[in-house]
There are 2 protein chains.
Amino acid sequence: MNTKSYYSSYPKFHMAVDCIIFGFEEGGLSLLLQKRNFEPAMGEWSLMGGFVEEGESVDDAARRVLTNLTGLKDIYMRQVKAYGEVERDPGERVISAAYYALIDINKQDKELIKAHNAFWVKLDELPHLIFDHDQMVADALSVMREKALSKPTGINLLPEEFTLTQLQSLYEAILGEEIDKRNFRKRIAEMDYIEKTGHIDKLLSRRGAALYRLNPEKYSKDSKFKI
Amino acid sequence: MNTKSYYSSYPKFHMAVDCIIFGFEEGGLSLLLQKRNFEPAMGEWSLMGGFVEEGESVDDAARRVLTNLTGLKDIYMRQVKAYGEVERDPGERVISAAYYALIDINKQDKELIKAHNAFWVKLDELPHLIFDHDQMVADALSVMREKALSKPTGINLLPEEFTLTQLQSLYEAILGEEIDKRNFRKRIAEMDYIEKTGHIDKLLSRRGAALYRLNPEKYSKDSKFKI
DNA sequence: TCAAAAGTGTTAAGTTTACACCCATGA
DNA sequence: TCATGGGTGTAAACTTAACACTTTTGA
């Protein structure tokens, strides 16, 4: 039996990726959403997506979509799952893998975002999205929250150096609840992969706050991270 | 712009599913694996898989593959993720979604399994599998363990009525470590969705052991489940 | 001098772990 | 009568949660 002919008796499908892009601003999480100025579903809100190309891995397609929209490379992305209902896209059958990304909202390329008609929308003010994108967002949020509790992936939402107050309000945004300041700092102090840089931030307070950073070497050795 | 023409400028791909089928026997977890008697990769071990068909959802394809192999329907299955590396299948490009299932090993259709040249293999004696199937198994195990801690999905590996000793050794198999009997029973007692049936099992001990079952109604109201 | 954010320890409550013996029964 | 698996409670260790005041400094 010939391998090619075995495979070719089966159907093929369009394969897409959709990106749930989380950013952090003004004490809350936001998503980068597209107000579609093209068909299908013109005028509605959707995630940023794109089709997988020939010779491109699905992961790479997700990275390409993110880079095309934000100008950012080497961003933490994680696949949520694949969505394969027959009628999920009413236009034609498309299977889509959802990925989420965490980005520092200050590093984006604003021109690119504008060119794509994309906007930051706060998590508690999300519009209804097309197709099964609402479900994708719900699933991504739940995976992201869970991972953020066990690994400091959320630090991608902050600048490289950050104050403990910033880190705390990031975690409050991710979890959607308040955290006790002293308990939070106690736990951070136990994580030797979050280290003082020696620099002082004077922008956010008169007194000044110590700046910290993630030490990725120490982090990879000790992968516990729990707030 | 016409929707169809927009879509049709993009490539299409074969879409497959691969099933990580967990069973429970003799105090350990096993996987149902196929010794391939067909190309590609004849003679090697692989997961049970199949191609998604036209007009069939990806979830349905996974269910079909499981039913074809085991004769079982309405089994708990969960998607792990999609695997989309370009060269993951050296024959031709195939994107595959991995699903895991938990089955009661006594309910399988042994003839069907034999017809597919499939065998139960203990988790700690797994052979090397083709393509990226080793990675799929590792990912499925980690997702399954995590879910088993928060929801009693693992109960699918047992008969409908089970003794607490059976339930405990199931959880020991899932976690790969021993659990204290009294602590285990204390926690089960707090879960009112695991209830005594009033029946007594006399097969596994002289004295007889109380049989329990999952009450799905109570369970859905109270979704905490932690061993 | 005061407003605003930074920084700092202790105690109580709750959860998890460790641990050993008697019970009922069929062979 | 004894071997086998079934069944039961308590105390120590550890983890988590609650809580309020002093410090620094620029305006």
Side-chain angles (χ1 to χ4, degrees), chain A residues 24-28 145-146 148-150 158-159 161-192 194-213 222-227, chain B residues 24-28 145-146 148-150 158-159 161-192 194-213 222-227:
Chain A
F24 171 60
E25 58 179 351
E26 290 164 42
R145 285 202 168 118
E146 192 180 299
L149 287 177
S150 63
L158 293 178
E161 300 198 1
F162 47 83
T163 68
L164 291 185
T165 303
Q166 285 179 298
L167 187 61
Q168 180 174 347
S169 63
L170 166 64
Y171 272 89
E172 288 175 336
I174 289 175
L175 298 176
E177 61 189 28
E178 297 202 344
I179 302 171
D180 179 89
K181 182 163 64 159
R182 277 175 289 188
N183 293 338
F184 180 81
R185 285 168 184 243
K186 234 180 298 169
R187 274 180 266 193
I188 298 297
E190 287 164 7
M191 301 170 193
D192 57 1
I194 295 182
E195 60 187 17
K196 260 192 192 167
T197 63
H199 304 156
I200 304 292
D201 172 276
K202 301 284 287 183
L203 296 171
L204 297 159
S205 71
R206 304 198 203 291
R207 174 174 172 178
L211 285 163
Y212 289 75
R213 73 170 155 235
D222 174 5
S223 71
K224 287 173 290 183
F225 185 91
K226 196 149 177 285
I227 297 290
Chain B
F24 172 58
E25 58 178 352
E26 291 164 41
R145 285 202 167 118
E146 193 180 301
L149 288 177
S150 63
L158 293 178
E161 301 198 1
F162 47 82
T163 68
L164 291 185
T165 302
Q166 284 179 299
L167 187 61
Q168 179 173 348
S169 63
L170 167 63
Y171 272 89
E172 289 175 335
I174 290 176
L175 299 175
E177 62 189 27
E178 297 202 344
I179 302 172
D180 179 271
K181 181 164 63 161
R182 276 176 288 189
N183 293 338
F184 180 81
R185 285 167 183 245
K186 232 180 300 169
R187 276 179 266 195
I188 298 298
E190 287 164 9
M191 300 170 194
D192 56 1
I194 295 182
E195 60 188 17
K196 261 192 194 167
T197 63
H199 304 157
I200 305 290
D201 172 277
K202 301 282 287 184
L203 295 171
L204 297 158
S205 71
R206 305 198 201 290
R207 175 175 170 176
L211 285 163
Y212 290 74
R213 74 170 153 233
D222 173 6
S223 71
K224 284 174 291 181
F225 185 90
K226 198 151 175 281
I227 297 291

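Within every chain, numbering begins at 1; the chains are lettered A, B, ... in the order of the sequence lines, protein sequences first and strands thereafter. The figures that follow rest on heavy atoms only: side chains count, while hydrogens, waters and symmetry mates do not. Small disclaimer: the values here were computed from a predicted structure and weren't measured.
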Legend entry - Short side-chain N/O contact from A:K202 to OP1 or OP2 of D:dG26, under 4.0 Å: yes
Inset, instruction - Report yes if at least one side-chain N or O of B:T165 is closer than 4.0 Å to OP1 or OP2 of D:dG6; otherwise report no. - result: yes
Inset, instruction - State, with a plain yes or no, whether a side-chain heavy atom of A:L167 is found less than 4.5 Å away from one of A:Y212. - result: no
Inset, instruction - Please identify each residue that fulfils side-chain hydrogen bond (donor to acceptor under 3.5 Å, both in side chains) with A:K186, with sequence neighbours left out. - result: A:N183
Inset, instruction - Work out which heavy atom in A:Q168 is nearest to a heavy atom in A:D180; give both atom names and the distance. - result: NE2-C, 4.0 Å
Legend entry - Crowding at CD, A:E178 (>12 non-hydrogen neighbours, <6.0 Å): no
Legend entry - Contact pattern, 5' to 3', of nucleotides 8-13 of chain C - B, S or - by protein heavy atom under 4.0 Å: BBB---
Inset, instruction - Could you check how far CG of B:D201 sits from P of C:dG26, rounded to whole Å? - result: 13 Å
Inset, instruction - Figure out the CD/P separation between B:E177 and C:dT17, and round it to whole Å. - result: 9 Å
Inset, instruction - Measure from OH on B:Y212 to P on D:dG6 and round the result to the nearest Å. - result: 12 Å
Legend entry - Considering all heavy atoms, the nearest A:Y171-A:I179 contact: CB-CD1, 3.8 Å
Legend entry - Atom pair distance, as rounded to whole Å: CZ in B:R207 and P in C:dC22: 14 Å
Legend entry - A:D201 to A:L204 - nearest heavy-atom pair and separation: OD1-N, 3.0 Å
Inset, instruction - Send over the distance from A:E178 CD to D:dC19 C1', rounded to a whole Å. - result: 14 Å
Legend entry - Gap between atoms CZ and P, on A:F184 and C:dG7 respectively (whole Å): 12 Å
Inset, instruction - Calculate the interatomic distance between B:L204 atom CG and C:dA24 atom C1'; express it in whole Å. - result: 16 Å
Legend entry - Residue closer to the 5' end of DNA chain D, B:A210 versus A:R206 (nearest nucleotide): B:A210
Inset, instruction - Pick base, sugar-phosphate or nothing for B:L164, based on heavy-atom distances below 4.0 Å to the nucleic acid. - result: nothing
Legend entry - Residue pair A:E195 / A:R213, side-chain heavy-atom distance below 4.5 Å: yes
Legend entry - Euclidean distance, atom CG of residue B:L211 to atom C1' of D:dG6 [Å, nearest integer]: 12 Å
